[in-house]
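Naming convention: chains lettered A, B, ... in sequence-line order (proteins, then strands); numbering from 1 in each chain.
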Number of protein chains: 2
Amino acid sequence: MTRQDKINQSGVAARRVTIADLSRELGITKGTVSRALNGYTDISASTRQRVERAAERLGYRPLTQAQAIRTGRSQSIGLVIETGNHDAHRPFLAEFLAGASSAAAAEGWTLTVSTADTPDQVLQRMQQLVQDRKADGFILPRTLSDDPRVAHLRAHDVPFVLFGRVADPTGCAWFDFKGGVAIRDAVHRLHAAGHRRIGYIGSTPEYHYEKLRLAGFRRGLSDLGLAEEPALMCENAVIRSQGAEAARQFLCQPDRPTALIYAVDDAALGAWDAAHEAGLAIGHDLSIVSYDGTKEGAAARPSLASYAVDNRYAGERLAHLLIRRVRGEAPEALREECDVPFRPGGSFGPVRGPTGGNPSGRMP
Amino acid sequence: MTRQDKINQSGVAARRVTIADLSRELGITKGTVSRALNGYTDISASTRQRVERAAERLGYRPLTQAQAIRTGRSQSIGLVIETGNHDAHRPFLAEFLAGASSAAAAEGWTLTVSTADTPDQVLQRMQQLVQDRKADGFILPRTLSDDPRVAHLRAHDVPFVLFGRVADPTGCAWFDFKGGVAIRDAVHRLHAAGHRRIGYIGSTPEYHYEKLRLAGFRRGLSDLGLAEEPALMCENAVIRSQGAEAARQFLCQPDRPTALIYAVDDAALGAWDAAHEAGLAIGHDLSIVSYDGTKEGAAARPSLASYAVDNRYAGERLAHLLIRRVRGEAPEALREECDVPFRPGGSFGPVRGPTGGNPSGRMP
DNA sequence: CCTCTTGCCGAAACCGGTTTCGGGATCTTT
DNA sequence: AAAGATCCCGAAACCGGTTTCGGCAAGAGG
């Protein structure tokens with residue numbers, strides 16, 4: 001009966017409505033209110049409804065911090081980014097965060113972001129976040145085939161979802177783009193445009209996505225009865241300069257390739273440099289297809305044909321999957337793979353004659 | 001005397017040490033332990049020391065969630081990023097996060113990141129984060145001269161620090177780079193290299209940094225006794241295409257400028273396009289100096305001369321400042337400004353003769 | 001009609017902290 | 001030596017929730 005209820009003076013930030021307010025309003029115990037809202041079975045349907053309506057009406061939302069100290073769950077998803085590494089993920093970050101954060105917010109969850117300079121520090125940070133209950137689980141971006149984060153979280157029984165896949169999928173949930181399918185498709189497209197000598201320039205082989213893309217390339221070749229030529233395949237090209245160097249190696253060969261497939265856009269732009277040096281015109285003398293769909297690729301001239309990944313969507317899906325994982329769903333039921341659309345570009349053209357000559361190239 | 005203390009079976013995740021463990025160990029009340037650790041004055045020096053030593057020895061760290069429900073503070077700094085806007089901040093994000101997160105982690109704080117599509121939604125998200133106690137305060141990136149976020153947070157008495165400055169600094173803490181000083185310095189450098197007709201291509205004038213950079217440009221002109229020519233100044237060039245269009249306008253004038261200063265690197269790269277069209281060689285017929293120090297600028301050929309901002313450092317400083325602000329320090333004492341180093345590049349060269357002719361330009 | 005379930009809710013402990021209140025012991029003061 | 005002020009700390013309430021336990025009332029079964 002105290003009159004302390006109405007502390008809300010106009011203008012002053014309204015006090016939160018607590019579970020006690022609700023119980024007082026309804027003439028019911030706090031405990032009963034809590035059980036009614038949390039799906040306990042020992043609550044009558046009518047009471048549950050009254051409680052839910054009142055909660056809705058008063059705008060009650062439980063304070064996660066208070067819940068957390070009992071339940072151990074804080075409704076926040078953790079994301080630890082390894083910096084210091086080559087920052088290939090950098091351009092995706094903003095879109096990815098946007099997707100993850102909005103999906104999380106839709107469920108009343110939040111996103112706790114941390115960074116670390118080394119793989120070991122990543123593990124430490126995750127450990128600390130989970131001990132401090134600042135994260136109920138993690139999204140793991142840029143998965144390695146054999147990823148120490150997976151081993152660590154598995155051992156400590158912390159929920160997680162992969163952005164990408166790993167060699168041993170036991171107990172893993174994930175979202176991934178079908179990069180292998182895309183690269184295989186690229187081989188088909190190039191073949192259809194007359195290309196027969198197609199080179200592949202991959203990324204870091206420790207990343208599992210690279211294994212899948214390389215496999216997709218091989219699959220494409222065998223689909224079409226083309227032979228695998230080791231001289232036309234390499235890996236470890238992540239940035240522009242490395243992509244350029246790889247292209248130089250291929251282009252100076254006697255029977256040079258007429259098309260190159262890159263695993264990542266950043267490296268693919270190196271082909272512009274190598275082609276320029278060799279006097280070849282991209283899209284005419286040499287076709288390039290890549291993967292990522294970066295803005296930089298689209299801005300190149302001619303523009304880079306690529307498979308365009310929607311990182312915002314990935315963030316959304318991963319946040320959803322992780323939340324469901326934390327809530328107890330089995331990891332096997334939480335696996336999604338998504339097609340990647342081809343983004344045409346001027347770097348893709350039909351093969352031009354059998355010769356590697358005419359180095360000055362261009363022809364209107 | 002129960003033996004439940006030692007739940008720690010080997011391999012199982014060790015239980016957190018709580019304040020109760022500590023009080024039991026010391027034969028002291030929970031309350032006393034708490035007061036001892038939180039700087040209350042009614043604790044004897046000897047007791048305080050005993051408590052601190054024991055806390056250290058047992059590795060006690062209070063659970064922020066539990067503290068939060070009483071104190072209202074959760075030791076986390078909020079960052080709400082507006083997406084949907086032009087994503088000019090995109091490339092900085094990863095470095096900025098790395099700085100902020102590591103500085104926060106060093107103090108036991110965490111970073112809660114959220115995104116929003118519109119300015120209104122930004123306010124809503126901040127409101128919610130602070131009501132849910134998921135953020136004790138905010139870092140505000142990309143400040144407008146008259147920023148609605150500042151008004152909102154000021155009105156609701158929520159701590160914040162600016163990345164950048166605003167027109168009315170009342171009650172504001174901030175970290176900012178001296179962009180105005182940098183642009184002024186650019187004018188001086190160009191003047192020293194013989195340039196007399198220098199154009200300025202600014203960014204969106206609503207952002208306060210743009211006002212400062214424009215002011216720096218004017219200051220530079222007046223330093224050197226050069227006249228301001230409206231025909232050689234414009235704004236609203238944020239991306240490459242806009243930067244190119246602005247350059248075209250300037251270059252087709254009878255007495256074209258020999259140098260251009262851009263407020264942002266992304267726009268500056270448009271000069272490469274415009275110069276190419278006009279048959280001018282960047283760094284010879286036309287010098288370009290810009291601001292940001294992006295990788296894309298460094299990768300251009302010739303490379304873009306620019307003032308290189310260290311966004312990781314900015315993140316660190318801002319996290320520090322915000323934490324101190326939340327702890328109660330006056331905003332006036334929390335203002336930092338930082339010089340920006342010049343990054344030389346091939347786009348900067350001495351002026352070449354008085355003529356705008358010789359359109360084919362290059363000369364070994 | 002009596003016992004046995006079952007459904008449903010109140011009472012109270014609990015989570016891990018913080019903060020107020022009051023009082024005993026020691027030290028000053030007169 | 002008695003009275004008052006100070007120094008410290010224990011006791012207990014509190015924050016906003018969750019969860020266990022037990023019992024009353026109504027329905028089922030014999």
Taken to the nearest whole Å, CZ/B:Arg24 to C1'/C:dG17 is 15 Å

Approximate separation, where rounding is to 0.5 Å, of B:Thr110 OG1 and A:Lys134 NZ: 3.0 Å

Near DNA chain D, counting only heavy atoms under 4.0 Å, which residues of residues 46-62 of chain B show up? B:Thr47

Can you label the angle between the B:Phe175 ring and the B:Phe163 ring as parallel, tilted or perpendicular, going by 30° and 60°? tilted

Heavy-atom side-chain contact between B:Phe92 and B:Pro141 under 4.5 Å: no

OP1 or OP2 of D:dG10 less than 4.0 angstrom from a side-chain nitrogen or oxygen of B:Thr29, does that happen here? yes

Using the rule given for side chain to side chain contact (heavy atoms under 4.5 Å, CB included), can you reason through B:Leu334 versus B:Val161, listing the C-alpha separation, both sets of side-chain angles and the distance that settles it, and then say yes or no? CA-CA 9 Å; B:Leu334 302 172; B:Val161 292; 5.7 Å; no

Among C:dT18, D:dG16, D:dC9, the one nearest B:Ile19 by side-chain distance: C:dT18

Tell me, do B:Ser76 and B:Thr112 make a side-chain contact under 4.5 Å, heavy atoms counted? yes

Nearest heavy-atom neighbours spanning B:Leu140 and B:Thr143: O-CG2, 3.6 Å

Are any of A:Thr32's side-chain N or O atoms less than 4.0 Å away from OP1 or OP2 of C:dC9? no

So, do A:Val113 and A:Leu97 sit near enough that their side-chain heavy atoms are less than 4.5 Å apart? yes

Which heavy atom of A:Arg48 sits nearest a heavy atom of A:Thr41, and at what distance? NH2-CA, 4.4 Å

How close or far is atom P of C:dG16 from atom CG of B:Leu22, stated in whole angstroms? 14 Å

From CG (A:Leu129) to CD1 (A:Ile77), nearest 0.5 Å: 12.0 Å

Quick one: the side chain of B:Arg35 and the base of D:dG10, do they pair up donor-acceptor inside 3.5 Å? yes

A:Ser44 near the nucleic acid: base, sugar-phosphate alone, or nothing, with a heavy-atom cut-off under 4.0 Å? sugar-phosphate

Could you tell me how far apart A:Ile28 (CD1) and C:dA11 (C1') are, to the nearest whole angstrom? 15 Å

Within the pair A:Ser34 and D:dG17, is there a side-chain N or O less than 4.0 Å away from OP1 or OP2? no

Can you check the B:Asp21 CG to C:dC15 P distance for me, whole Å? 11 Å

Between D:dA12 (C1') and B:Lys30 (NZ): distance, integer Å: 10 Å

Distance check needed: C:dC9 P versus A:Leu37 CG, whole Å only. 13 Å

Is it the case that the base of D:dC9 and the side chain of B:Asp42 share a donor-acceptor contact (distance under 3.5 Å, atom types as modelled)? yes

Rounded to whole Å, please give me the gap between CZ in B:Arg133 and P in D:dG17. 9 Å

Does anything in residues 65-73 of chain A come within less than 4.0 Å of DNA chain D? Heavy atoms only, and list the residues if so. A:Ala66, A:Gln67, A:Ile69, A:Arg70, A:Thr71

When A:Val33 and B:Gly27 are each assigned the nearest nucleotide of DNA chain D, the 5'-most assignment goes to B:Gly27

Between CD1 on residue B:Ile81 and CZ on residue B:Phe96, distance to nearest 0.5 Å: 8.5 Å

Measure OH/A:Tyr40 against P/C:dG7 and give the value in whole Å, please. 17 Å

